[in-house]
Number of protein chains: 2
Amino acid sequence: MKIGDLAKRSGFSAHTLRYYERIGLLPYADRDASGQRDYDETILIWIEFLGRLKDTGMPIRDMLAYANLRNGGPATTQERHDILAAHRDQVQATIARLQANLLVLDDKIAGYAATLQRTQDDDSQHIPTSTNQAEHQPNTLYRNPIPARPARTGRHRRRGGPKGD
Amino acid sequence: MKIGDLAKRSGFSAHTLRYYERIGLLPYADRDASGQRDYDETILIWIEFLGRLKDTGMPIRDMLAYANLRNGGPATTQERHDILAAHRDQVQATIARLQANLLVLDDKIAGYAATLQRTQDDDSQHIPTSTNQAEHQPNTLYRNPIPARPARTGRHRRRGGPKGD
DNA sequence: CTAGGGGTTAGAGCGCACTCTAAGTCAAGC
DNA sequence: GCTTGACTTAGAGTGCGCTCTAACCCCTAG
């Protein structure tokens, strides 16, 4: 299997697969007569697992540590177990955090929905509709320019605080 | 409240708070006589909500879109509702994905635990313990150098000169 | 024979979200 | 008066994880 095929089957781009090999996340692939990578099907199992670690937010450096332990054979079983167990705990914590935030989000959405409902009901009576929780802030907010992106162009110009104004 | 205090109370660094103001995620703060930001307590409510959006993985550009809609008043209620609802769906999908991966992770961890158990049981009989699911790969893996980091230094070498054909 | 569509490498560039630096101001404490 | 430390600005730098480019090679189809 060539890198393009593996890319299609694994969901990672060929660029990314080469990158992973370079940093040691994937084994150095055998090359065919003309120097092209020739993959064995079995690599897909490992790649799929890497994908799961990635999906669950494990940083590459940790995947690398785990990958390297696999070279150590059975002697590293405990360590590998511990890495995955620690990661699982992290994932569980993340899920819990997301679920907690989801409740707040749902509340806020319900607030908006209620406002919309009220606006519709009162369509011809124009009763002020500012009871929504979503409107906590003073409406003096957001008068700054907003460059939309930090923009790392340009240089020079004087520094020091222009106070007062 | 000065920026240092707000930093302590919000959990964001002063650097980050200034950055958020710069990009428009936080309102342009009032300055005191000597040009220093002087915050009102209420800003904490908005910052806390921003934190939740961030925690749930909303990119800054989307938070910005949401923040800007708040300036539009009640007219933007529907749009704000839709943004949050879409985000909520995303978060729910993320949770589902994490939970699915968690199962796989748990399986793998259980595999390691079983191997460790067996290794302990067979302590004095040294039976090879390679039945663990965790050992799918051929042990010829991982013989590449591993630079540990791509390293984006360097500025030498010709660039941009696509030899005019 | 030529075109094209794959592959190869080293290394540069990108997008994101900060994070920090330089050079300066200012208020309070010793 | 002087020092300390928190603040101000514009802009540069960082770390992550890719993503792409240049310049090349090789195989196959027409």
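Here is how names work: the chains are called A, B, and so on, in the same order as the sequence lines, proteins then strands, and each is numbered from 1.
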Quick one: is dG17(D) close enough that its OP1 or OP2 comes under 4.0 Å of any side-chain N or O from Y20(A)? no
Would you please confirm or rule out a distance under 4.0 Å between OP1 or OP2 of dA17(C) and any side-chain N or O of R18(B)? no
Could you tell me the separation between the [atom1] atom of [X] and the [atom2] atom of [N], rounded to a whole number of Å?
X: L6(A); N: dG6(C); atom1: CG; atom2: C1'; value: 15 Å
X: E21(B); N: dC18(C); atom1: CD; atom2: P; value: 16 Å
X: L17(B); N: dC18(C); atom1: CG; atom2: C1'; value: 12 Å
X: I3(B); N: dC20(C); atom1: CD1; atom2: C1'; value: 14 Å
X: D38(A); N: dT8(C); atom1: CG; atom2: P; value: 10 Å
X: R37(A); N: dG6(C); atom1: CZ; atom2: P; value: 16 Å
X: I47(A); N: dC18(D); atom1: CD1; atom2: P; value: 13 Å
X: I23(B); N: dG11(D); atom1: CD1; atom2: P; value: 17 Å

Base dG11(D) to side chain R22(B), donor-acceptor N/O within 3.5 Å cut-off: yes
Contacts of D82(A) that satisfy side-chain hydrogen bond (donor to acceptor under 3.5 Å, both in side chains) - sequence neighbours left out: Q78(A)
What residues form a ring pair (Phe, Tyr, Trp, His ring centres under 6.0 Å) with F12(A), not counting sequence neighbours? Y20(A)
At under 4.0 Å between heavy atoms, which parts of nucleotides 25-30 of chain D does protein reach? Answer with one letter per nucleotide, 5' to 3': B base, S sugar-phosphate only, - none. -SS---
For R9(A), give me all partners under side-chain contact (heavy atoms from CB on, under 4.5 Å), at least two apart in sequence or on another chain. M1(A), E41(A), L44(A)
Sequence neighbours excluded, which residues qualify as side-chain contact (heavy atoms from CB on, under 4.5 Å) partners of K8(A)? none
Would you indicate which nucleotide in [options] comes nearest to any side-chain atom of [X]?
X: H15(A); options: dT9(D), dA17(C), dC20(D); value: dC20(D)
X: K54(A); options: dC18(D), dC7(D), dG7(C); value: dC18(D)
X: Y19(B); options: dT19(C), dC18(D), dC16(C); value: dT19(C)
X: T16(A); options: dC18(D), dT8(D), dT19(C); value: dC18(D)

Let me check something: any side-chain donor-acceptor pairs from residues 90-99 of chain A under 3.5 Å, sequence neighbours excluded? List them with distances.
residue, atom, partner, partner atom, Å
T94(A), OG1, Q90(A), O, 3.0
R97(A), NH1, D55(B), O, 3.4
R97(A), NH1, D55(B), OD2, 3.4

Using modelled atom types and a 3.5 Å cut-off, is there a donor and acceptor pairing between side-chain atoms of S13(A) and backbone atoms of T16(A)? yes
Determine whether a donor-acceptor pair (N or O, by modelled atom type, separation under 3.5 Å) exists between the side chain of W46(B) and the backbone of P27(B). no
